[in-house]
Amino acid sequence: MRSLIALAVVILLWLAGLLVFADRVIDSTPAVEPATAADAIVVLTGASDLRLKEGMRLLERRRGQRLFISGVNREVKRPELMAVTQGSKRLYECCVDLGYEAENTVGNAREIADWARGHDFYNLIVVTSDYHMPRALLELKADMPDAHFIAYPVATPELDARGWWKSPKSQRLIVVEYCKYLAILTRDAIISLSRSFGDKGGAPAAGSEDSAAASASS
């Protein structure tokens with residue numbers, strides 16, 4: 001009986017967290033353009049080209065000095081991507097950098113962190129999909145705890161955020177992303193506890209941070 005009660009409590013907490021997560025996604029768009037300029041703008045690539053277009057638009061409006069696009073397909077050439085961004089050729093050629101190494105959100109965060117530190121940028125506008133933003137921010141903060149991130153979520157065309165429970169596709173997208181988000185929270189909590197008990201950032205043991213990150217990545 002106690003086991004059933006405990007299971008019911010866990011399920012209720014999970015459902016409550018899901019609703020909070022979904023509300024966060026719903027309320028995140030339309031994004032408000034930052035009033036002041038950041039050091040740079042970073043875009044995490046995905047299924048929608050809207051992320052690229054919004055990132056370029058922010059650059060054209062001088063919301064950042066440079067634009068970095070992380071996770072570009074290795075087969076996509078620079079001129080081809082310029083056509084997708086629909087931005088100024090002059091601005092694209094002078095102020096847009098591309099990253100080809102990242103294959104998932106964990107890789108995006110590491111690639112962005114390496115690029116930003118290389119340019120001494122620590123105030124970044126982050127552009128990604130609305131449902132993806134919470135997890136992306138967690139990963140970025142893990143790799144750049146000394147940086148400041150300004151979220152600029154982009155609405156996902158195939159996601160009915162306000163009526164997500166009505167569509168099997170939207171349900172799947174929200175629930176899967178919520179589970180990934182919980183996995184990252186759990187990983188970070190384990191790392192924090194480990195460090196509080198004397199782990200000061202040495203090489204991670206097998207099955208710890210790296211394996212957890214791999215299982216939680218998209």
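The chain is numbered in sequence order, starting from 1.
Within the 4.5 Å cutoff, side-chain heavy atoms of Tyr122 are placed close to those of Met144. Two residues are said to be in side-chain contact when any heavy atoms from C-beta on lie closer than 4.5 Å; Leu44 and Arg51 meet this criterion. With contacts defined as side-chain heavy-atom distances shorter than 4.5 Å, the pair Lys141/Asp188 does not qualify. The shortest side-chain heavy-atom distance between Thr85 and Lys53 does not fall under the 4.5 Å cut-off. For the pair Ser88/Glu60, a side-chain contact is recorded, criterion being any heavy-atom separation below 4.5 Å from C-beta on. Under the 4.5 Å side-chain criterion, counting only non-hydrogen atoms from C-beta, Thr128 is not in contact with Asn108.
Trp14 meets the side chain to side chain contact (heavy atoms under 4.5 Å, CB included) test with Leu18, Val175, Tyr178, Cys179, Leu182; sequence neighbours excluded. Evaluation of the side chain to side chain donor-acceptor pair (under 3.5 Å) rule for Thr156 yields Asp130 as partners, not counting sequence neighbours. With sequence neighbours excluded, the residues forming a side chain to side chain contact (heavy atoms under 4.5 Å, CB included) with Glu101 are Arg74, Glu111, listed by chain and number. Considering only residues two or more places apart in sequence or on other chains, Ser167 meets the side chain to side chain contact (heavy atoms under 4.5 Å, CB included) condition with Lys169, Ser170. With sequence neighbours excluded, the residues that form a side chain to side chain contact (heavy atoms under 4.5 Å, CB included) with Ile11 are Leu7, Leu15. For Asp49, there are no salt bridge (Lys or Arg N to Asp or Glu O under 4.0 Å) partners at least two apart in sequence or on another chain.
Contact detail for Ala155 and Thr29: the closest heavy-atom pair is N-CG2, 3.7 Å. Ala147 and Phe149 make their closest contact through CB-CZ, 3.7 Å (heavy atoms, listed as atom of the first residue, atom of the second, distance). The shortest non-hydrogen separation linking Phe21 to Glu177 is CZ-CG, 3.8 Å. The heavy-atom pair separating Pro153 from Ala31 by the smallest distance is O-CB, 3.4 Å. Of all non-hydrogen atoms in Ile112 and Ser70, the two that sit nearest each other are CG1-CB, 3.9 Å. Here the closest heavy-atom approach between residue Leu124 and residue Ala116 is recorded as CD1-CB, 4.0 Å.
Residue pairs meeting the salt bridge (Lys or Arg N to Asp or Glu O under 4.0 Å) criterion with at least one member in residues 155-166, sequence neighbours excluded, do not occur. Within the structure, every pair that satisfies the salt bridge (Lys or Arg N to Asp or Glu O under 4.0 Å) test and touches residues 19-34, not counting sequence neighbours, is listed here: Glu33-Arg57, Glu33-Arg61, Glu33-Arg63. Screening residues 25-81 for ring pair (Phe, Tyr, Trp, His ring centres under 6.0 Å) gives Phe68-Trp115 as the qualifying pairs, with residues at least two apart or on separate chains.
Note that OG of Ser129 is 8.5 Å distant from CG of Leu173, once rounded to the nearest 0.5 Å. The distance from the NE2 atom of His148 to the CG atom of Asp39 is 10.0 Å, given to the nearest 0.5 Å. Note that CG of Leu140 is 9.0 Å distant from CE of Met133, once rounded to the nearest 0.5 Å.
In this structure, Trp165 is a member of the same hydrophobic cluster as Tyr181, with clusters built from ILVMFWY side-chain heavy atoms closer than 4.5 Å. Under a hydrophobic-cluster definition in which Ile, Leu, Val, Met, Phe, Trp and Tyr are linked whenever side-chain heavy atoms come within less than 4.5 Å, directly or via other members, Leu159 and Leu19 are assigned to the same cluster. Criterion: ILVMFWY side-chain heavy atoms under 4.5 Å apart, direct or through other members. Under it, Leu137 and Ile191 are not part of a common hydrophobic cluster.
Without hydrogens or angle criteria, Ser28 side chain to Val25 main chain gives a donor-acceptor distance under 3.5 Å.
Here Val10 sits alone; no ILVMFWY side chain lies under 4.5 Å from its own, so it joins no hydrophobic cluster. Cluster partners of Leu59, using a side-chain heavy-atom cutoff of under 4.5 Å among ILVMFWY residues and allowing indirect links, are Ile41, Val43, Leu50, Leu52, Met56, Leu58, Leu67, Ile69, Val72, Val76, Leu81, Met82, Val84, Leu91, Tyr92, Val96, Leu98, Tyr100, Ile125, Val127, Ile150, Tyr152, Val154. Alongside Val32, the hydrophobic cluster contains no other residue (criterion: ILVMFWY side chains under 4.5 Å).
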